[in-house]
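Written below as structure tokens is the structure these notes are about.
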Amino acid sequence: MPLTGSLRVNGSKNAALPQMATALLTDEPVIITGVPQLADIRSMGRVLEELGCEVGFAQANYSDDPNKRGLGQSITLRTTDESARHARYDIVRTMRASVCVLGPLLARRGEARVAMPGGCAIGERPIDLHLRGLRALGAEMSMDSGDIVLTAPKDSAGNRRLRGASIFLGGPFGSTVLGTANVMSAATLATGRTIIESAACEPEIVDLATMLNAMGARITGAGSPRLTIEGVRSLHGVTHEVMPDRIEAGTLIMAAAITGGKLRLSNCPLDSMAAVLDRLHEMGVAVTPIGPHEDPLRAECEVSAPDRLRPVMVTTQPHPGFPTDLQAQTLALLTLADGHSVVTEKIFPERFLHVAELTRMGARVFRQGPTAIISGVDHLVGAPVMASDLRASASLVLAGLAAQGETTILRVYHLDRGYERLELALNAVGARIERIKDHDLNIDADAATAQSLLAAGSPAG
Ligand code: EPU
């Protein structure tokens, strides 16, 4: 069923997470508005509470009304106790992004102890570059019981304070987003100047730099591979509205595209989506901005899709290249294109767990190493499928919308980590997706709260 109607894009999860950690850099209140209501945001709140931060969520009046959707919640954070230094394993392991407390903790408290995060479903995820950057700022590092312990050097007055430095932060897969966030945040309070070469250029880094500058930091070059940070003595509180989520926007556009629908999106960060819009255009999907908009990161646009998509080549790359976080959703789209497509994953070469599940729905995908060759089929067929990570779950939801018959997506908690009730948004524009307890599906659930999504596709032809 083609999706039609209007939706507002939510605030960005990946921008909000490192922004929450900046509360550790000051004892004044840090208020972030427009934050989506997500499991990962709540987990970050818990990490910060353990580190002496008071965390208040002013819930948006949650509503199924698609016009109210996306207004988000505001979070007030205030550090009142700076004695804790330790982000424990049982918290870090549930959310890898909690590693972004490392830089702020070290910079302000002179010491940080953070459990080494393990791998995750999308592959091995080292933090060697984060550590390289923080050590270049003078930190001493050791390991203790699986924790990384970092200590800042003493300055002439005997206080522990990082020292500005020139740092190359590139790795075998290019720049690192959270690594850049960590080192940039830490350098704001260091003595002297820090230059980060091969910094991540993602718009979430620009948003973080804007917020830090509003707190009194002196960062220039955000959005380019060279960041310059002049260290300051202290930072103050701030109120900051988080940027809209370009990955959610892309996912909604693709939901319209895979159903041959017509969707109007507001609060859409089109300006940060050039590579995605380019590939969509090649597939035959028109994304047309509506009217002039003051802020190109909060634009309004109309999406319209052809009956049959054209095949394309897609390679994921650091920004401004095609984002890895939209690879799985794009691959779902291409399973229904008119011909052969090639998707190459250059950021997380193992991030293909969705392929086996899409194959269960009738997709024809041949994968070799970081490359998948997709031969478009006429139609997909609904099936029970397993979500393995956040973006893979989203790709299965998209496939389920277009498939003939019913698709059950198990382990939907992955989806809830990064999409605020995606099924409510899609249902508001014509989808038919139901959330059910696994218990009611007669599935052997490993937790009483386990839930699945049942997506009704088109009638079997
Ligand atoms: N890498 C290293 N060493 C490091 C850090 C990264 O080799 O110290 C490698 C990674 O293994 C990967 C590449 O560098 O091959 C890029 O990783 P990056 O550090 O940029 O990833 P991240 O900062 O941990 C963020 C997003 C991810 C997104 C990636 C890439 C957040 C909270 N997470 O992760 O988002 O995929 O950037 O754009 O911002 C998601 O939202 O689904 C998600 C996984």
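In listed order, ligands and their atoms are each counted from 1. Position 1 is the first residue of the sequence, and the numbers go up from there.
- Residues His240 and Gln19 come closest through the heavy atom pair CD2-OE1, 3.3 Å.
- Nearest protein neighbour of atom 44 (C) of ligand 1, counting heavy atoms only, is Arg351 NH2, 3.5 Å.
- In terms of protein heavy-atom proximity, atom 17 (O) of ligand 1 is nearest to Phe348 CZ, 3.9 Å.
- Remark: Glu111 does not engage Arg113 in a salt bridge, criterion side-chain N to carboxylate O under 4.0 Å.
- Between Gly170 and Leu129, the shortest heavy-atom contact is O-CD2, 3.5 Å.
- Salt bridge Arg226/Glu197: present, at least one basic N to carboxylate O contact under 4.0 Å.
- On a distance-only criterion, Thr324 and ligand 1 share no N/O pair closer than 3.5 Å.
- Considering backbone and side-chain N/O atoms, Thr176 comes within less than 3.5 Å of an N/O atom of ligand 1.
- Of all the heavy atoms of Arg96, the ones lying under 4.0 Å from any atom of ligand 1 belong exclusively to the side chain.
- Within ligand 1, counting atoms from 1 as listed, the ones closer than 4.0 Å to a heavy atom of Ala97 are 32 (C).
- Atoms of ligand 1 found under 4.0 Å from any heavy atom of Lys13, numbered from 1 in the order shown, are 41 (O).
- Counting protein heavy atoms only, atom 26 (C) of ligand 1 is closest to Asn14 ND2, 3.7 Å.
- Remark: of the listed residues His319, Arg246, Lys13, Arg246 is the sole one forming a side-chain hydrogen bond (donor to acceptor under 3.5 Å, both in side chains) with Glu204.
- In summary, Asp325 and Arg351 engage in a salt bridge, as defined by a charged side-chain N under 4.0 Å from a carboxylate O.
- Closest of all the heavy-atom pairs between Pro318 and Gly174 is CG-CA, 4.5 Å.
- Contacts between His319 and ligand 1 below 4.0 angstrom, taking non-hydrogen atoms only, are absent altogether.
- Protein heavy atom closest to atom 9 (C) of ligand 1, with residue, atom name and distance, is Phe173 CD1, 4.1 Å.
- Scanning the protein heavy atoms around atom 34 (O) of ligand 1, the nearest turns out to be Arg125 NH2, 3.2 Å.
- If you check each of Leu390, Leu169, Asp325 against atom 43 (C) of ligand 1, the one with the closest non-hydrogen atom is Asp325.
- For atom 11 (O) of ligand 1, the nearest protein heavy atom (residue, atom name, distance) is Pro126 CD, 3.5 Å.
- Atom 23 (O) of ligand 1 has Leu178 N, 2.8 Å as its closest protein atom, hydrogens excluded (heavy atom only).
- With ligand atoms numbered from 1 in the order given, ligand 1 contributes 8 (O) to contacts under 4.0 Å with heavy atoms of His130.
- Sparse packing is recorded around CD of Glu140, with 12 or fewer heavy atoms of other residues, nucleotides or ligands lying under 6.0 Å away.
- The protein heavy-atom contact nearest to atom 37 (O) of ligand 1 is Val177 CG2, 3.5 Å.
- Interface atoms of ligand 1 facing Ile127, defined by a heavy-atom separation under 4.0 Å, are 4 (C), 8 (O).
- Residue Leu129 has at least one N or O atom closer than 3.5 Å to an N or O atom of ligand 1.
- Tested against Ser98 for a side-chain contact (heavy atoms from CB on, under 4.5 Å), the candidates Leu178, Leu48, Val47, Val114 yield a single pass: Val47.
- Electrostatic pairing of Arg298 and Asp271 does not count as a salt bridge here, judged by no charged N lying under 4.0 Å from a carboxylate O.
- With a 4.0 Å cut-off on non-hydrogen atoms, Ile347 touches ligand 1 through its backbone as well as its side chain.
- Counting non-hydrogen atoms of neighbouring residues, nucleotides and ligands closer than 6.0 angstrom, the CZ atom of Arg435 exceeds 12 such neighbours.
- Between Arg78 and Glu28, no side-chain nitrogen of the basic residue sits less than 4.0 Å from a carboxylate oxygen of the acidic one, so the salt-bridge criterion is not met.
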